[in-house]
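Data block below; observations after.
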Amino acid sequence: MGAILEEYIRRHPRSAEAYRRAKDLFPGGVTHDTRYLTPFPLFITHASGSRKWDLDGHEYVDYVMGHGALILGHAHPSLVQAVSQQVARGTHLGGNTLEEVRWAEAIQRLIPSAQKVRFHSSGTEATMMAVRLARAYTGRRRLIKFADHFHGWSDPLMPASGVAPGGIPEETWSTVTVLPPNDLASVEKALQQGDVAAVILEPTGAHMGQYPLRPEFLHGLRDLTRRYGAVLIFDEVVTGFRTSPGGAQARFGVLPDLTTLAKIVAGGLPGAAVVGRAEILDMIQHRGNPEWDSRGRVGHPGTFNANPLSAVAGATCLEILATQPINQRAEEMAGRLKEGIRTLLRQMEIPGCAFGVGAVVELTLTVPHDCPGDFCPLPYERLKHATRPALRQALRRALLNNGVDLMGGGRFLLSGVHTEEDIQKTLQGLEGALTALRREGLV
Ligand code: PMP
């Protein structure tokens, strides 16, 4: 057994014990695929600001940040107050609320393409609805998505998403065309074949920007989808309110027809939305016409749609983003972290780089390169090849041993409450982790 693994096991006896119970209850002992880590994952007891603590009492600088939902950090006082007050007023009021109106108005204020809004409980539901709306609106069947782009776990969006695809019927796959990123010619060719309802993408690139898309590609997609009458869907579940207060669309000046939002949109509670062009969202509209209601209309139930807890958390969070320089601060800290990682890799003579747009930093080891700005110039195939799952798992464990928790083994999701001190602590932790990886011959 390597020294990293030995230390990980030695430091976390209580997590190991808790995992023994969890293993008999949950498949794999976890409740989300990305939380799976051998020989056992950590159990977290509580969190505050940029930090969290495990069952054995260790403190971490947290970059999982609620899978990207917490741009204001853990347990932000304004959110704690808003949610606490709402709990006492009722968690489900079984009717329309002013809170949902306030929440939608807060979204409209930030997201430039949000003519209309419809709420859901998760990003998966939002992308599923966006696809359904696009199909109903265009009367077409096919979807175009891009290699490795992740849009939740509904059937039509699972192909080439990086998630194990068991249980999905063949017929579903036949309606989806998966294309390489940054290649407009292949998109045009697929659109020319006809019957394309929608083109869907993560606008900064697959897996929160791990395999970057160039902004010119977004502009090109806008032109092509308009020309061929397909609905352009930006999946801004991660980039919404993170890449800029108005998401990737505001940062890059490209307005999609539909946008899916989750994570930050609900201020750290479960919640999501599809927003976009009124005439497409209005496929859900009641028109008092039996023919429309039974055939054309897209139905939309959902017990917890716009529940008041998520509504007040989301509205409070978005109102803070609209009035305070939270994104600016998160991006500033991301810049410091990227620079610090690059310097460290150069000093230690370890091939790799850190890149990312807005408040996300992606660390790729093993390929020597330098990213002058936010974008990594390496082609998708090269970056994909560089991503070795075993190395990412080892890095994750080594960083946990050194007081830092990453998302997915190479991704830092920052918040507006990460500080200079956090960045320094992280870089020290990374130096310790890389030293340990080197000792085991992994870098
Ligand atoms: N789209 C993207 C781009 C995501 O990253 C995710 C979740 N990480 C989803 C959709 C699905 O969101 P949820 O987990 O809320 O279903």
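Note that the structure is a prediction, hence the values are computed from the model and not measured. Atoms within each ligand, like the ligands themselves, are counted from 1 in listed order. Excluded from the calculations below are hydrogen atoms, water molecules and symmetry mates; all remaining heavy atoms, backbone and side chain alike, are included.
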Would you say the side chains of H74 and D62 form a donor-acceptor pair under 3.5 Å? yes
Looking only at protein heavy atoms, identify the closest one to atom 12 (O) of ligand 1 and say how far it is in Å. G123 CA, 3.2 Å
Identify the closest protein heavy atom to atom 1 (N) of ligand 1: which residue and atom is it, and at what distance? D235 OD2, 2.7 Å
Go through ligand 1 atom by atom and flag the ones less than 4.0 Å from a non-hydrogen atom of G152. 9 (C), 10 (C), 11 (C)
May I ask you to check whether D56 and H12 show a side-chain donor-acceptor distance below 3.5 Å? no
Looking at ligand 1, would H151 count as a contact under a 4.0 Å heavy-atom criterion? yes
Give the atom numbers and elements of ligand 1 that come within less than 4.0 Å of a heavy atom of S122. 15 (O), 16 (O)
Are R141 and D195 ion-paired here, with the side-chain N under 4.0 Å from a carboxylate O? yes
Which heavy atom of the protein is the closest neighbour of atom 3 (C) of ligand 1, given with residue, atom name and distance? F150 O, 3.2 Å
Considering the heavy atoms of E202, write down every atom of ligand 1 situated less than 4.0 Å from one of them. 3 (C)
According to the interplanar angle, ranging from 0 to 90°, do the rings of H149 and H151 count as parallel (below 30°), tilted (30 to 60°) or perpendicular (above 60°)? tilted
Parallel, tilted or perpendicular: rings of Y19 and F40 (30°, 60°): tilted
Fit a plane to each ring of F375 and F252, take the angle between them on a 0 to 90° scale, and name the class: parallel (under 30°), tilted (30 to 60°) or perpendicular (over 60°). tilted
Check whether any heavy atom of H207 sits under 4.0 Å from an atom of ligand 1. no
Are the side chain of Q108 and the backbone N or O of K116 linked by a donor-acceptor pair below 3.5 Å? no
May I ask whether atom 14 (O) of ligand 1 is less than 4.0 Å from at least one protein heavy atom? no
In terms of ring plane angle, is the pair W103 and F119 parallel, tilted or perpendicular, where the classes change at 30° and 60°? parallel
the protein heavy atom lying closest to atom 8 (N) of ligand 1 turns out to be K263 NZ, 2.9 Å
Atom 5 (O) of ligand 1 [closest protein heavy-atom partner, distance rounded to 0.1 Å]: V238 CG2, 3.2 Å
Check this for me - ligand 1, T124, N or O atoms closer than 3.5 angstrom, yes or no? yes
